[in-house]
Amino acid sequence: MKCAWTFLFLLSGQLWATPTLVIYTQDLEPYHFIQDGRPGGINYQLISQALDDEGIQYRMEKINWARAVVLVNKTPNTALLTLPRNIHRENQFKWVGPLVSSQPYFYRLRQRQDIDVRTLNDAIKLRIAVVRNGEWHQRLLALGMQEGELLYPVARISDTYSMVFMGRVELIPGSDLTMPYMARDAGYDAEQLEPAMALPRRSTGNHLALNPDASDELVERLNKRVELLKAEGLIQQLKRQYALLVD
């Protein structure tokens with residue numbers, strides 16, 4: 001009988017244990033990245049601290065971004081780090097944040113002074129490389145761009161840099177915070193790029209995006225913890241750690 005009760009106790013513990021949250025990510029320094037199997041980045045450290053403080057088990061996995069967006073939308077106990085929260089995605093996920101974000105731009109090669117874009121209508125007449133299922137892929141499709149004509153979705157952010165440096169496209173999206181890191185990691189000189197135009201912000205910034213079936217209680221706990229960590233100065237501490245001067 002004692003063995004039977006022990007078995008039932010262990011079984012009930014397994015049934016009531018909180019499942020591990022699988023967080024899918026991509027390399028987007030300094031927000032989040034995985035190097036030598038170890039995750040890092042300002043938004044990763046903010047979210048991981050919130051998860052640790054709330055006693056939530058998690059693990060990070062780096063996979064193809066387009067696949068990750070679809071996977072998290074359909075798979076319980078998964079999340080994306082990070083995703084801009086906007087009206088088109090509002091009901092596809094549950095959101096924790098906002099986290100750290102910065103000003104987005106379309107970038108061009110510095111030598112391409114002939115590229116003059118002042119509005120999105122100017123931009124969509126040019127060739128643009130974007131990450132498939134990323135924010136600007138969706139936004140440019142909504143503006144009427146056609147894949148394979150002027151719009152080129154690719155698997156990785158580094159691929160967009162390769163395309164603009166190889167002259168296959170005129171513009172790529174990026175931000176004043178991430179562009180220098182991403183150009184370097186793709187093997188290019190960030191000094192050869194410059195903003196072609198500032199992009200309008202249509203989102204409320206970067207968030208941890210959870211599967212839509214995530215419990216409201218979990219989402220509320222994490223949002224409260226993130227706000228508490230912000231109030232305690234963790235973001236400013238992390239900005240100093242990563243030598244960031246951008247607000």
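With rounding to the nearest 0.5 angstrom, the CG atom of Leu199 is 9.5 Å from the OH atom of Tyr107. Put simply, NZ on Lys125 and CG on Leu171 are 13.0 Å apart, with the number rounded to the nearest 0.5 Å. Taking CG of Leu229 as the reference point, atom CD1 of Ile235 lies at 9.0 Å (rounded to 0.5 Å). The line from CD of Glu220 to CZ of Arg225 is 13.0 Å long, rounded to the nearest 0.5 Å. Summarising the geometry, atom CD1 belonging to Ile23 is positioned 15.5 Å from atom NZ belonging to Lys62; distances are rounded to the nearest 0.5 Å. Atoms CG and CZ, from Asp189 and Arg110 in turn, are 9.0 Å apart once rounded to the nearest 0.5 Å.
Panel note: side chain Asp122, backbone Thr119; a donor-acceptor pair is recorded below 3.5 Å. Remark: side-chain polar atoms of Asn73 are paired, donor with acceptor, to backbone N or O of Gln92 under 3.5 angstrom. A donor-acceptor pair is defined here as one N or O able to donate and one able to accept, closer than 3.5 Å; such a pair exists between the side chain of Asn223 and the backbone of Val219. Put simply, the side chain of Arg156 never gets that close to the backbone of Asn64: no donor and acceptor are under 3.5 Å apart. No side-chain donor-acceptor contact under 3.5 Å links Gln236 to the backbone of Glu232. Although no hydrogens or angles enter the test, the distance criterion places no donor-acceptor pair under 3.5 Å between the side chain of Arg59 and the main chain of Thr20.
Between the side chains of Asp176 and Ser102, at least one donor N or O sits under 3.5 Å from an acceptor N or O. Tyr24 and Thr75 form no side-chain donor-acceptor contact under 3.5 Å, judged by distance and modelled atom types alone. A donor atom on one side chain and an acceptor atom on the other are not found under 3.5 Å apart for Glu194 and Gln111. Residues Tyr242 and Gln45 bring a donor and an acceptor atom of their side chains to less than 3.5 Å of each other.
Note on Arg89 versus Glu135: no salt bridge recorded, every NZ/NE/NH1/NH2 to OD/OE distance being 4.0 Å or above. Using a cut-off of 4.0 Å between Lys/Arg side-chain N and Asp/Glu carboxylate O, Glu170 and Arg108 are scored as not salt-bridged. Checked for salt-bridge contact, Lys230 and Glu227 meet the test: a charged N lies under 4.0 Å from a carboxylate O.
The minimum heavy-atom distance linking Met197 with Val117 is given by the pair CB-O, 3.6 Å. Scanning all heavy atoms of the two residues, the minimum distance from Val131 to Ala155 falls at CG1-O, 4.1 Å. Contact between Met163 and Ala129 at its shortest, heavy atoms only, is SD-CB, 3.9 Å. Heavy atoms only, all atoms of each residue included: Thr178 and Tyr31 are closest at CG2-CE1, 3.3 Å. Closest heavy-atom contact between Arg132 and Glu147: NH1-OE1, 3.6 Å. Contact detail for Pro153 and Leu151: the closest heavy-atom pair is CD-O, 3.4 Å.
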Candidate pair Gln138 and Asn133, rule side-chain contact (heavy atoms from CB on, under 4.5 Å), full reasoning: CA-CA 6 Å; Gln138 300 301 322; Asn133 278 357; 3.4 Å; yes

Derivation and outcome, side-chain contact (heavy atoms from CB on, under 4.5 Å), residues Trp65 and Leu80: CA-CA 9 Å; Trp65 194 242; Leu80 285 162; 3.6 Å; yes

Derivation of the side-chain contact (heavy atoms from CB on, under 4.5 Å) call for Leu218 and Ile56: CA-CA 9 Å; Leu218 171 64; Ile56 297 167; 3.1 Å; yes

Residues Glu29, Arg184; criterion side-chain contact (heavy atoms from CB on, under 4.5 Å); working and verdict: CA-CA 10 Å; Glu29 293 187 66; Arg184 178 203 66 197; 2.9 Å; yes

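Applying the ring pair (Phe, Tyr, Trp, His ring centres under 6.0 Å) definition to pairs two or more places apart or across chains, those involving residues 136-162 are Phe106-Trp136.
Of the residues listed (Ile47, Leu51, Asp53, Leu208), the one engaging Val226 in a side chain to side chain contact (heavy atoms under 4.5 Å, CB included) is Ile47, and it is the only one. In summary, of the residues considered (Asn43, Asn206, Asp27, Thr82), a side chain to side chain donor-acceptor pair (under 3.5 Å) with His32 occurs for Thr82 alone.
The cluster map of Ile, Leu, Val, Met, Phe, Trp and Tyr, joined by side-chain heavy atoms under 4.5 Å apart, puts Leu83 and Leu71 in the same cluster. If you chain together hydrophobic residues whose side chains sit under 4.5 Å apart, Tyr44 and Phe93 fall into the same group. By the criterion of side-chain heavy atoms lying less than 4.5 angstrom apart, applied directly or through intervening Ile, Leu, Val, Met, Phe, Trp or Tyr residues, Ile172 is not grouped with Ile128; the two fall into different hydrophobic clusters. The cluster map of Ile, Leu, Val, Met, Phe, Trp and Tyr, joined by side-chain heavy atoms under 4.5 Å apart, puts Ile115 and Ile124 in the same cluster. Residues Val154 and Val130 do not share a hydrophobic cluster, clusters being chains of Ile/Leu/Val/Met/Phe/Trp/Tyr side chains in contact below 4.5 Å.
Side-chain contact between Glu61 and Val22 is present, with heavy atoms from C-beta onward closer than 4.5 Å. In this structure, the side chains of Thr204 and Asn86 stay at 4.5 Å or more apart for every pair of heavy atoms. Within the 4.5 Å cutoff, the side chain of Tyr58 has heavy atoms near those of the Asp52 side chain. Contact check for Leu177 versus Pro30: side-chain heavy atoms found under the 4.5 Å cut-off. At least one side-chain heavy atom of Leu143 sits under 4.5 Å from a side-chain heavy atom of Leu120. In this structure the side chain of Ile42 reaches within 4.5 angstrom of the side chain of Lys239, judged on heavy atoms.
Asp216 CG: 12 or fewer foreign heavy atoms inside a 6.0 Å radius. Annotation for Arg201: atom CZ counts as buried by contact number, over 12 foreign heavy atoms lying within 6.0 Å.
Partners of Asp114 by side-chain hydrogen bond (donor to acceptor under 3.5 Å, both in side chains), not counting sequence neighbours, listed by chain and number: Arg112.
Using cut-offs of 30° and 60° on the angle between ring planes, the pair His207 and Trp95 is perpendicular.
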